[in-house]
Amino acid sequence: MRAPVVVVGASLAGLRAAEQLRAAGWDGPITLVGDEPHPPYNRPPLSKAFLAGTASSASLTLRPRPSVADATWLLGTRAVRADLDRRTVDLADGRTLPYRALVVATGTRPRRLTCPGPSGGRHTLRTLADARRLRAALAGPGARVVVVGAGFIGCEVAATVSALGAADVTVVDPLPLPLLGPLGELLATELRDRHERRGVRFALGRHVTGFAGRDRVTGVRLDDGGTLAADVVVESVGSLANTEWLAGNGLDLTDGVLTDAHLRVGGRPDVVAVGDIARFPGLRYDGVPRRVEHWSIPTDTAKHAARVLAAHLAGAGDHTESVADTGTGADSRAGVGGELAPFAPLPTFWSDQYDFRLQSFGAPALGTADARVLYGEPSADVVVGYHREGRRVGVVALGGQTAVAAAARHRADLLQQSPTT
């Protein structure tokens, strides 16, 4: 029996990698390994509909395509070690899996604060289990909630908790505005104002120094000497890539797994990385390798990496016919000689908060120094374009469907720009 393609990581990126391997022609065995006991599920609703109690866990489950019905799923166990020379993966339950090819899809986990104080009442939000615990903690009336971190998850949680009727919601962040990095000052200011009009308070430019209480948190201590009363604390202070199991293989694991422009790892044709963990060259912009934690990236990376890996498994090296772009944002045009073009996706994200949406195409964070209103006005529906060295690199809408539709019209223009190779 042929050794399988082993996919380590059984969330969205791992599932899509398995499906795309089948679509690319691999008919051999596939084994998926995941540390959660659940089959793959959709994470974005965890901070919104699921936390609010309007979506069930069953509604989040992703349905695998029939093409991977014969895949082997090893759930509830994690990879602890990989030997890329021997082509083996060791699992926490003692098993060792040989592989013919390896897909790295282990994603990220929440970063935690290391401040002194009790751990009871402190939450993160990444998994279904995290969301269940947080939802249970918010079940009582009048909770005082402190959200540490004014990024996407932090702002979404603040919006959801506020709408649920929490007695007090405060967001703490060391930056002067929420989501300042990805949005820039114009939209970040408007986002703060919209939250404040709904009763959310901000402690901006502040660091958490510790937590008050004995077994459970009763307050959050700040670097200005103040303390925020709290029954529930949500830590949303970034993520760490799950790379520890790959240590010792000579890879660059500085921030995720460094790949080449075809998502191959460490110069090996039989190992690829997909999803949040992949740090790939940003060829559409400046060539700098970055991780991209947007919902579109698992599918885009899986599509490209599967083609590259399937071509290798078929003995064709990197030479494979390109397949026309299906609209995911990944650049799939054929390069010289019929080779698959380097991976150059158009990142896409959205964030639903209250009755409005943030919708982004491209990489606005690279152009916040030159942000220009393209449509509307910030206090209503607005679309902002982001520019770098005179070139538009991103578009963000803030508002309702009119703004989102206006931003979507700019997506084609961003896609037509030639990636920097």
Side-chain angles (χ1 to χ4, degrees), residues 9 11-21 23-24 43-44 103-105 107-108 152 182 239 241 255-265 272-311 318 320 322-335 339-351 358-367 385-386 388 391-397 407-421:
S11 190
L12 176 62
L15 172 62
R16 294 293 182 252
E19 293 172 340
Q20 290 298 325
L21 277 166
R43 294 187 192 275
V103 179
V104 177
T108 65
F152 289 106
S239 61
D255 177 25
V257 179
L258 179 66
T259 77
D260 66 10
H262 285 294
L263 302 173
R264 293 169 297 202
V265 174
V272 295
V274 298
D276 294 353
I277 200 169
R279 179 160 55 98
F280 55 86
L283 298 183
R284 189 171 286 279
Y285 306 106
D286 53 13
V288 175
R290 299 181 181 88
R291 291 193 305 108
V292 181
E293 295 186 43
H294 295 333
W295 192 86
S296 62
I297 289 299
T299 298
D300 288 349
T301 52
K303 181 179 179 180
H304 189 97
R307 292 171 176 174
V308 171
L309 201 58
D318 298 328
T320 181
S322 70
V323 179
D325 182 24
T326 58
T328 64
D331 192 313
S332 303
R333 295 172 296 174
E339 294 180 0
L340 189 65
F343 183 61
L346 183 74
T348 301
F349 72 76
W350 74 90
S351 177
L358 278 165
Q359 176 74 60
S360 170
F361 301 103
L366 300 181
Y386 297 79
R388 188 179 191 184
R391 180 190 185 203
R392 187 172 297 163
V393 294
V395 174
V396 176
R409 288 193 288 271
H410 292 281
R411 177 180 180 273
D413 295 335
L414 294 172
L415 276 171
Q416 288 172 4
Q417 294 179 1
S418 298
T420 302
T421 56

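Taken from CG in Asp300 to CD in Gln20, the straight-line distance is 10.0 Å, to the nearest 0.5 Å. Residue Leu358 holds its CG atom at 12.5 Å from CH2 of Trp350, rounded to the nearest 0.5 Å. Within the model, atoms OH of Tyr285 and CG of Leu366 stand 7.5 Å from one another, a figure rounded to the nearest 0.5 Å. In this structure, Leu415 CG and Arg411 CZ are separated by 4.5 Å, a value rounded to the nearest 0.5 Å. Atom CG of Leu346 sits about 10.0 Å away from atom NE2 of His294, to the nearest 0.5 Å.
With hydrogens and angles disregarded, no donor-acceptor distance shorter than 3.5 Å links the side chain of Arg16 to the backbone of Pro298. Formation of a donor-acceptor pair under 3.5 Å by the Gln359 side chain with backbone atoms of Phe349 is found in this model.
For Ser239, the side-chain hydrogen bond (donor to acceptor under 3.5 Å, both in side chains) test picks out Glu293, with sequence neighbours left out. Applying the ring-ring contact (aromatic ring centres under 6.0 Å, His included) test to Phe280 and every residue at least two apart in sequence or in another chain returns Phe343.
The side-chain heavy atoms of His304 and Leu340, taken from C-beta on, include a pair separated by under 4.5 Å. Side-chain contact between Pro182 and Phe152 is present, with at least one heavy-atom pair separated by less than 4.5 Å. Counting heavy atoms from C-beta outward, Val104 and Val274 have side chains that stay 4.5 Å or more apart. Counting only heavy atoms from C-beta outward, the side chains of Arg392 and His410 approach each other to under 4.5 Å. Residues Ile277 and Thr108 fail the side-chain proximity criterion, which asks for heavy atoms closer than 4.5 Å.
Closest non-hydrogen pair, Ile297 versus Gly275, comes out as CG2-O, 4.0 Å. Nearest heavy atoms, Ala273 versus Thr259: CB-CG2, 3.8 Å. In plain terms, the two heavy atoms of Asp276 and Gly107 that are nearest each other are CB-CA, 4.3 Å. Residues Ala397 and Ala407 come closest through the heavy atom pair CB-CB, 3.6 Å. Taking each heavy atom of Arg284 and Leu414 in turn, the nearest pair found is NH1-O, 3.3 Å. When all heavy atoms of Trp295 and Pro44 are compared, the closest pair comes out as CD1-CG, 3.2 Å.
Under 4.0 Å is where a charged nitrogen must lie from a carboxylate oxygen, and between Arg388 and Asp286 at least one such pair does. Between Arg291 and Asp255 there is a salt bridge, with a side-chain nitrogen of the basic residue lying less than 4.0 Å from a carboxylate oxygen of the acidic one.
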